[in-house]
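In what follows, a single structure is set out as structure tokens and then discussed.
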Amino acid sequence: MRSLEFTSLLLFSAIFRVILIIYGEWQDAHMEVNYTDVDYLVFSDAASLMASGDSPYKRTTYRYSPLLAFLLIPNSLIHRSWGKFIFSASDLLVGYFIHFILQQRKVPKKLSNYCVMTWLFNPFTFTIGTRGNCEPVVCAMILWIIICLMKGNVLQSAFWYGLIVHFRIYPIIYAIPMVLILDPDFFPSDQKPILKNWTAAQAERLHDGNYLYTLHNLFKCIFTRNRLIFGLVSAVVFFLFTGLSYYLYGWEFLHEALLYHLTRTDPRHNFSIYFYHIYLHYGYDISVMEKLISFLPQFMVQLVLIFYFAKDLPFCLFAQTVAFVAFNKVITAQYFVWFFCLLPLILPWSKMKLKWNGMLCILSWIGAQIHWLMWGYLLEFKGKNVFFELWVASLVFHAANVNVLTMVIRHHRFSSFFLGLKDAKSKNVAKHE
Amino acid sequence: MLLVVLPPFLRNHSFIILWPHPHFHMKTRRQFIGMCIHWLVWSSFIWSPVVDSANSNINSGNDRNFRPIKKFVMQSYFDSYTELRDSVFDNFISQEINVGSCQMLPENHDFVVPRLSVLKRNLIGEGSHRHVSTMLKFQSQQSESLSQLLSSSCDFIVIERLPTGVFADPFELQRLVQRRVFNEVDVFGDTNLELPSFLSNRSAVEIHLVVDPNKLLEPTDMKIELPLHARYQPLNESGYSTVELGTPDILLRCSAKEKSENQNCFFKLTTNDADVMYEADVIWRIPSGKKAHSDLVFAITFSAALLSTLLIVLSSLEYSKSRVSKDSKQS
């Protein structure tokens with residue numbers, strides 16, 4: 001009965017997205033402002049270039065893997081909205097994956113449905129797929145990797161991980177927690193890992209020095225079979241796809257799809273706190289010291305989050321993604337989807353109530369964004385010099401992001417993703433008693 | 001299916017198909033290499049010394065297989081020069097566009113170039129995305145040569161030379177062509193959409209508009225609106241950078257119905273400076289960063305980053321401590 005509820009949720013979301021895509025086509029044809037994202041036109045052009053045997057990188061501002069252009073080749077053969085349907089389908093797939101993961105962890109159906117709704121009915125997510133942004137595909141792959149790990153399918157998870165790092169570089173930040181979770185305690189040889197289920201209880205029993213134990217384990221047996229398989233297979237897959245793309249499209253591919261993202265400093269205004277600093281110093285040489293200072297906060301935060309939360313994999317990935325986006329040199333709205341897809345996975349374990357802590361978080365985050373957008377509008381569409389005010393607005397937005405992260409951390413009920421061998425045994429003993 | 005082949009030594013053994021053939025898949029490497037060898041052999045016939053001597057023969061004989069004659073005047077300019085410079089460009093126009101060399105008209109033609117009586121320029125809009133509008137009024141004098149010319153196909157070519165501070169989006173302009181606002185349009189020069197102005201070079205937009213031959217005989221109005229975008233400007237103490245747009249060059253090009261290089265005629269439409277009217281300034285004030293902010297922004301940005309790092313580290317630490325203490329209470 002309850003699974004029917006989820007199916008109807010999914011169906012409703014699907015119909016809604018189809019309507020949005022059709023509406024988008026209408027708006028593009030009849031109104032001055034396009035519904036479709038500019039990026040989608042870039043993908044389509046690159047795909048049609050690829051269909052005619054040319055390099056997709058001939059299209060300026062195409063900065064993705066050739067796989068994306070390949071996926072969109074039917075845009076020129078079938079219909080130009082093919083890509084939007086693919087992205088919206090991935091969007092729905094993410095919803096299904098979230099439902100699957102929560103069900104596997106025995107989250108009560110009602111709670112699980114609410115969590116899935118935070119993805120399916122999030123205005124950010126349904127607009128991003130229907131406008132033609134490729135992020136839902138990335139999110140679907142990340143969730144699939146988590147599912148593969150849940151099933152103990154290390155080989156498959158390594159393959160998809162290598163592929164997704166080739167597709168979009170940012171998932172490289174997940175490398176360490178994923179290697180950490182392949183702890184022999186969780187993944188005993190030739191046995192499926194045991195998921196730790198959701199409980200209504202408050203805290204969980206701990207070993208002494210939970211995380212230090214993990215780190216110690218890591219250094220002691222970094223070369224376990226599972227870790228080696230994961231590391232090698234993902235590296236091989238990454239180099240295979242990257243190498244193939246380099247073979248086909250040469251230096252252009254390397255520069256546009258990889259190096260651009262690693263060294264990207266865009267002086268144009270965006271949510272990042274660094275944008276004004278970059279603009280004021282654009283064209284001047286950046287000293288090594290400065291590069292270090294800008295990289296250090298990001299690096300430290302990532303390490304600290306991994307150190308404390310690696311065992312609770314979904315939470316670790318979520319926290320890392322929020323921090324990564326907040327401290328990045330360039331922030332655009334599409335990056336938010338990266339952590340929105342992980343949010344439903346941690347909500348059942350959050351002590352935060354919607355009233356009023358939850359509402360405060362949501363409203364402050366949205367409010368800071370609207371505040372920034374207002375100054376951005378004045379700058380770009382009214383031509384007023386509000387660079388300083390816009391920069392302050394980006395500081396405020398950064399503060400809102402950090403606030404949300406710290407609030408979520410404080411209200412989180414730590415729950416290890418897998419049961420260690422000892423825990424499993426003691427659980428069995430407790431059952432028999 | 002039209003095939004355009006460029007000599008292999010210029011294109012690294014790739015070739016361009018103008019319309020994708022639905023059944024054609026470059027499935028295997030071998031197929032692809034086979035294709036290349038095939039085209040190599042084929043194209044070597046074209047470039048053999050025998051055909052080289054008579055240039056015009058190549059053009060007329062192989063018109064279908066090589067690039068068509070230059071549609072755009074600016075293309076010829078950028079073939080010879082790398083940068084857009086006003087003095088060089090004026091020279092280029094007066095040399096290449098020679099009224100006297102028009103072969104469609106007889107030697108002693110009485111053709112007088114249509115004169116612009118009014119040229120109004122205006123910058124519409126606010127912010128970084130605006131339109132520059134040009135309103136023209138012109139009238140030709142009736143003459144035999146004019147009727148001769150009118151039997152050919154003519155179009156107006158408007159060349160807008162842009163300063164480095166602004167740029168035109170080629171993709172947006174293509175959409176205007178699709179909506180039949182312009183006949184053809186292209187952007188030449190530096191077409192990078194993302195770099196700030198101090199790292200960019202100048203660009204030029206060439207717009208082609210269809211001319212209804214009958215309209216040339218009566219006083220005619222024409223209005224052209226070109227969408228432009230501002231680049232990021234170099235730093236300025238006042239907070240604003242000014243960019244000034246010049247007057248466009250307006251040419252009339254007539255070509256005989258049979259498309260051939262020798263039959264293009266260009267006429268430059270001119271106007272007395274006194275007649276050029278500016279409704280409002282075509283001076284664009286674009287916001288730019290203030291250098292005075294430099295140190296303050298640097299200090300506060302990095303302090304903010306450091307502070308938030310500390311906050312996150314502390315909250316993680318505090319969280320783990322509270323968990324440990326909770327568990328030690330429980331057990």
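What's counted below: heavy atoms across the whole structure, side chains too, no hydrogens, waters or symmetry copies. So you know, we letter chains A, B, ... as the sequences are listed, proteins then strands, and number each from 1.
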From [atom1] ([X]) to [atom2] ([Y]), nearest 0.5 Å:
X: A:E380; Y: B:H229; atom1: CD; atom2: NE2; result: 10.0 Å
X: B:D295; Y: A:H277; atom1: CG; atom2: NE2; result: 10.5 Å
X: B:R175; Y: A:L41; atom1: CZ; atom2: CG; result: 6.0 Å
X: B:S128; Y: A:H269; atom1: OG; atom2: NE2; result: 7.0 Å
X: A:I409; Y: B:L314; atom1: CD1; atom2: CG; result: 11.0 Å
X: B:H293; Y: A:Y276; atom1: NE2; atom2: OH; result: 5.0 Å

Nearest atoms (heavy-atom pairs only) where B:T309 meets A:M300: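 Answer, listing the atom of B:T309 first, then A:M300: CG2-CB, 4.0 Å.
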Heavy-atom closest pair, residues B:L311 and A:T406: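 Result for this residue pair: O-CG2, 4.1 Å.
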Would you find more than 12 non-hydrogen atoms of other residues, nucleotides or ligands less than 6.0 Å from [X] atom [atom1]?
X: A:H261; atom1: NE2; value: yes
X: B:F78; atom1: CZ; value: yes
X: A:Y260; atom1: OH; value: yes

Within the 6.0 Å centroid threshold, strictly below: B:Y319 and A:Y308: no
Side-chain donor/acceptor of A:N385 to backbone N/O of B:G289, under 3.5 Å: no
Part of residues 300-308 of chain B lying next to chain A, heavy-atom separation under 4.5 Å: B:I300, B:T301, B:F302, B:A304, B:A305, B:S308
Heavy-atom distance under 4.5 Å to chain B: side chain of [X], backbone, both or neither?
X: A:S55; result: neither
X: A:D45; result: side chain
X: A:L305; result: side chain
X: A:F381; result: both
X: A:H412; result: both

Sub-4.5 Å side-chain heavy-atom contact between [X] and [Y]:
X: A:F327; Y: B:I312; result: yes
X: A:F309; Y: B:S316; result: yes
X: B:F298; Y: A:E290; result: yes
X: A:V38; Y: B:F171; result: no

Hey, which of [options] has the most heavy atom pairs under 4.5 Å with chain B?
options: A:N401, A:L378, A:L303, A:V301; result: A:V301
options: A:R410, A:R268, A:K384; result: A:R268
options: A:L405, A:V304, A:L280; result: A:L280

Aromatic plane relationship, A:Y279 with B:Y232 - under 30° parallel, 30 to 60° tilted, over 60° perpendicular: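 Answer is perpendicular, since the angle exceeds 60°.
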Residues of residues 389-396 of chain A contacting chain B, heavy-atom criterion under 4.5 Å, by residue number: A:W391, A:L395
